[in-house]
Amino acid sequence: MSKKRYPWDTRFADLLTLLLAFAWASPMLFSILISFRPANEPLTEGNIFFGSRLTLENYRAALSLAPWGIHYLNSVIFVLGTLAVQVVTITMAGYAFARLKFFGRNFLLLVVLLQVMIPSGVLLAQNLATIRALGLFNTHFGMMVVYWGSAFGVLLMRQAFRAVPVEYEEAARIDGANVWQLFRHVYLPLTIPTYVAFAIVSISAHWNEFLWPLIATQSESVRPLTVGLNKLVQSTEVGALYHQLMAGTLMVIAPLVLMFIIFQRKFIESFAQSGLK
Amino acid sequence: MAAPVSNLIATSGRKSLLSFALPYLLIAPTLLFVLVFTLYPTVGSAVASTFKPGRTPETPATFVALQNYADLFNSEHFLGSRFVQILVNTFSFASLTIIFSVGLAFLFALLCNRQIRARGVWRFGLFHPALLPLIGAASLWAFIFADTIGLAAVVTRGLGLVNPSWLGADTVLISVSMVNIWKQASYYTIFYLAALQALPTDIYEAADLEGATYFQKLWFFTIPLLRRTTFFIIVVAGTFAVQTVEHLSALGQGGPGDTSNLLLYFIYQVLPERRNWGYVNAMTMIMVGVLLVFTMSNLLFFEGKKQEAA
């Protein structure tokens with residue numbers, strides 16, 4: 001067995017990867033360290049990394065500043081409620097655009113695609129007025145409803161359904177499968193990876209949504225985590241209580257980051273697939 | 001109920017009403033949501049941008065044609081005096097984020113796409129910002145940028161350098177762009193990585209036989225072959241650059257003055273006041289216009305070169 005060569009250019013690239021990864025992770029690494037420092041102890045006191053002692057008091061302080069349990073629950077409702085309806089709408093429309101011929105198909109697809117170019121997040125004022133008119137202001141429904149139609153999801157499912165051989169559908173039809181059976185036994189098993197990819201992209205996008213939930217709601221009982229975090233940001237900036245802000249921020253971002261660590265491969269594949277339109 | 005439905009379609013010797021209506025029924029929900037929350041508000045914004053709202057909900061709005069747009073570009077006007085700077089900020093912010101985040105993403109993807117020990121760890125280091133809410137990312141950076149007690153201040157002082165006031169008037173726009181670049185570069189890395197892994201290997205093998213260097217292969221194969229991916233990422237980056245403004249909430253709220261304010265954040269700031277509604281809609285239309293021109297020009301540019309259909 002000969003020893004593996006380790007040429008200088010590979011060494012250099014490895015070192016660069018290491019340095020960049022460390023630089024990119026440093027905001028996160030430092031916030032973790034700071035969140036365990038005694039409250040308001042400056043970096044120049046004690047050990048620069050670990051402070052004079054490690055403590056959970058910042059977490060306790062951050063916990064008491066907002067009803068985090070309710071914010072968590074609201075985020076979960078918002079994210080899952082959005083996803084549940086999206087899955088139904090993109091399945092139906094994705095199938096129609098993939099497999100059915102009908103008058104105006106291309107035109108209607110173009111109308112749907114408008115949403116890719118004009119994201120609803122930009123149309124704050126008008127959508128707020130619509131939500132108010134529908135009596136959905138300050139409700140979970142009001143936050144979710146603007147995302148229930150997803151042009152991106154329709155495109156993704158259209159592509160996935162088109163990749164299923166037409167013969168499978170014909171064979172199932174001849175065997176007398178109804179629409180539900182056709183979907184359940186022919187299309188669904190073959191397109192599950194696409195659904196998973198869509199779910200991951202949708203969940204991460206809406207878990208992180210901020211501006212729309214902020215203006216579409218008023219009371220903490222319906223507001224998601226990001227809006228709660230913003231309140232913490234505003235209140236801690238005044239007193240420069242950065243240690244507890246870091247603790248609060250880490251609590252908010254932890255679930256998604258943990259999910260990513262567990263399902264790293266799946267996450268990367270899903271994000272990547274969302275780019276392969 | 002479902003069985004007869006599909007049988008009608010399956011045995012469609014004659015076109016039944018249902019098989020005719022089915023596609024429309026299937027796309028109806030999506031179409032409804034797109035019409036109500038994308039098309040209607042766009043048209044609504046266009047119409048509302050030509051009106052001046054009444055002082056109270058009871059008084060009717062008055063038609064002013066393009067006066068709202070003219071006011072926005074009038075430096076004497078209470079919003080116009082701020083608008084042009086904010087528009088310029090938005091363009092600078094967008095250009096900075098697009099150039100640096102796409103460039104860095106390409107570098108990250110090249111580095112991540114190699115054999116390296118503990119690859120997952122480095123990848124995680126480079127990817128994780130993509131998962132954070134922007135307001136959370138900004139909040140992490142708030143401590144870095146904080147005057148005197150912040151991480152950047154302590155480090156620069158330790159190195160004997162002068163610490164810039166990161167959120168001061170001169171540098172704040174660059175600071176808020178940095179936060180966005182930090183997050184978006186991670187996100188676009190994923191697209192580049194996927195594209196790199198889908199590249200055909202045979203041409204690289206041939207090039208190796210010919211003795212091509214790494215940078216020759218990069219320049220003559222990788223970059224041209226990734227052109228579609230690059231354009232896709234630029235389109236996404238452009239739409240994102242206009243939409244992603246929530247980090248401002250944690251980093252100076254558009255200030256000092258309006259030195260770091262961005263269009264969508266400005267809209268959010270002035271939205272509550274009734275007298276601003278005409279202007280809010282005019283600004284929305286300007287934003288939609290910029291987005292459409294940007295997306296369409298990119299689309300035409302690379303759809304024209306695209307070979308395969310879907």
Side-chain angles (χ1 to χ4, degrees), chain A residues 13-14 16-17 21-22 24-25 27-28 30-31 34 42-44 89 92-93 95-96 100 102 108 111-112 114-115 117-127 130 146 148-149 154 173 178-180 204 208 210-211 226 229-230 233 242 245-246 249 252-253 256-257 260 264 268 271-272 275, chain B residues 2-3 5-6 10 22-24 26-27 29-31 33-34 36-39 41-42 44-45 111 114 116 120 122 125-126 128 131-136 139-144 146 149 151 154 190-191 193-194 232 239 243 246 249-250 264 267-268 271 277 280-281 284 287-288 291-292 295:
Chain A
D14 285 358
L16 189 63
T17 315
F22 181 75
W24 234 240
M28 181 68 100
F30 263 93
S31 352
I34 287 153
L43 285 173
T44 42
T89 57
M92 291 163 63
Y95 177 76
L100 302 177
F102 52 95
L108 291 171
V111 172
V112 172
L114 260 181
Q115 200 205 44
M117 288 188 264
I118 311 173
S120 20
V122 171
L123 304 162
L124 295 177
Q126 293 290 322
N127 280 341
T130 306
V146 297
W148 276 352
V154 170
R173 283 241 161 106
N178 63 38
V179 169
W180 169 247
S204 357
N208 293 338
F210 171 66
L211 211 51
T226 45
L229 177 61
N230 184 53
V233 171
Y242 289 103
L245 176 60
M246 294 305 116
T249 308
V252 170
I253 62 191
L256 213 57
V257 175
F260 179 79
Q264 180 158 186
I268 292 175
F271 277 125
Chain B
V5 171
S6 75
L22 183 69
Y24 300 102
L26 289 176
I27 60 171
T30 298
L31 212 55
F33 291 123
V34 170
V36 174
F37 295 109
T38 301
L39 212 58
T42 307
S45 236
L111 289 172
R114 303 168 317 118
I116 179 171
W122 315 126
L126 292 173
H128 76 277
L131 301 164
L132 309 184
L134 192 51
I135 178 76
S139 140
L140 298 184
W141 283 76
F143 177 73
I144 297 181
I149 59 162
L151 182 60
V154 171
I190 297 167
F191 298 138
L193 198 60
F232 168 76
T239 351
Q243 278 183 89
E246 50 251 55
S249 184
L264 188 59
I267 290 178
Y268 153 75
L271 182 61
W277 287 358
V280 162
N281 284 297
T284 304
M287 206 156 50
V288 167
L291 272 177
L292 282 181
T295 316

Engineer: Counting only non-hydrogen atoms closer than 4.5 Å, does B/Q243 touch chain A with its backbone (N, CA, C, O), its side chain (CB onward), both, or neither?
Structural biologist: side chain
Engineer: In Å and rounded to the nearest 0.5 Å, what is the CZ to OH distance from A/F210 to B/Y268?
Structural biologist: 6.0 Å
Engineer: Would B/Y24 and A/F102 count as a close aromatic pair, with their ring centres under 6.0 Å?
Structural biologist: yes
Engineer: Please classify the contact of B/L132 with chain A as side chain, backbone, both or neither, using a heavy-atom distance under 4.5 Å.
Structural biologist: both
Engineer: Please determine, among B/V36, B/V280, B/I267, B/L291, the option with the most heavy-atom pairs under 4.5 Å with chain A.
Structural biologist: B/L291
Engineer: Is there side-chain contact between B/I144 and A/F30, with at least one heavy-atom pair below 4.5 Å?
Structural biologist: no
Engineer: For the residue pair B/A142 and A/Y242, what are the closest heavy atoms and their distance?
Structural biologist: O-CE2, 3.7 Å
Engineer: Is there a side-chain contact between A/Q126 and B/T42, using heavy atoms and a 4.5 Å cut-off?
Structural biologist: no
Engineer: Relative to chain A, which segment of B/L39 carries a heavy atom at a distance below 4.5 Å: side chain, backbone, both, or neither?
Structural biologist: side chain
Engineer: Which of the residues A/V111, A/N230, A/V257 is involved in the greatest number of heavy-atom pairs with chain B at under 4.5 angstrom?
Structural biologist: A/N230
Engineer: Are B/L22 and A/L100 packed together at the side-chain level, in the sense that at least one heavy-atom pair is separated by less than 4.5 angstrom?
Structural biologist: yes
Engineer: Using heavy-atom distances under 4.5 Å, tell me whether B/S139 contacts chain A through its side chain, its backbone, both, or neither.
Structural biologist: both
Engineer: Considering only heavy atoms, which portion of A/T130 lies under 4.5 Å from any heavy atom of chain B: side chain, backbone, both, or neither?
Structural biologist: side chain
Engineer: Which region of A/V154, side chain (C-beta onward) or backbone (N, CA, C, O), has a non-hydrogen atom less than 4.5 Å from a non-hydrogen atom of chain B, or is it both or neither?
Structural biologist: side chain
Engineer: Answer with side chain, backbone, both or neither: which region of B/L271 has an atom nearer than 4.5 Å to a non-hydrogen atom of chain A?
Structural biologist: side chain
Engineer: Could you pull out the closest heavy-atom pair between A/A13 and B/L111, with the gap in Å?
Structural biologist: O-CD2, 3.7 Å
Engineer: So which residue, B/L134, B/T38, B/V288, ends up with the most heavy-atom pairs under 4.5 Å with chain A?
Structural biologist: B/T38
Engineer: Side chain, backbone, both or neither: which part of A/F22 has a non-hydrogen atom closer than 4.5 Å to chain B?
Structural biologist: neither
Engineer: I need the B/F143 CZ to A/L245 CG distance, nearest 0.5 Å.
Structural biologist: 10.5 Å
Engineer: Which bit of A/M246 comes within less than 4.5 Å of chain B, counting heavy atoms only: side chain, backbone, both or neither?
Structural biologist: side chain
Engineer: What are the two closest non-hydrogen atoms of B/P133 and A/T226, and how far apart are they?
Structural biologist: CB-CG2, 3.7 Å
Engineer: Would you name the heavy atoms of A/A96 and B/P23 that are closest together and state the gap between them?
Structural biologist: CB-O, 4.0 Å
Engineer: Picking from B/T295, B/T284, B/L151, which has the most non-hydrogen pairs under 4.5 angstrom with chain A?
Structural biologist: B/L151
Engineer: What's the spacing between A/T17 OG1 and B/W122 CH2 if we round to 0.5 Å?
Structural biologist: 9.0 Å
Engineer: Considering only heavy atoms from C-beta outward, does the side chain of A/P119 approach that of B/T239 to under 4.5 Å?
Structural biologist: yes
Engineer: Compare every heavy atom of B/P29 with every heavy atom of A/M92, then report the nearest pair and how far apart it is.
Structural biologist: CE-CG, 3.7 Å
Engineer: For the atom pair CG (B/L31) and CD (A/Q115), what is the distance rounded to the nearest 0.5 Å?
Structural biologist: 11.0 Å
Engineer: How far apart are the closest heavy atoms of A/W24 and B/H128, and which atoms are they?
Structural biologist: O-CE1, 3.8 Å
Engineer: Picking from A/L123, A/I118, A/V122, what satisfies side chain to side chain contact (heavy atoms under 4.5 Å, CB included) with B/M287?
Structural biologist: A/V122
Engineer: When rounded to the nearest 0.5 angstrom, what is the spacing between CG in A/N208 and CD1 in B/I135?
Structural biologist: 11.0 Å
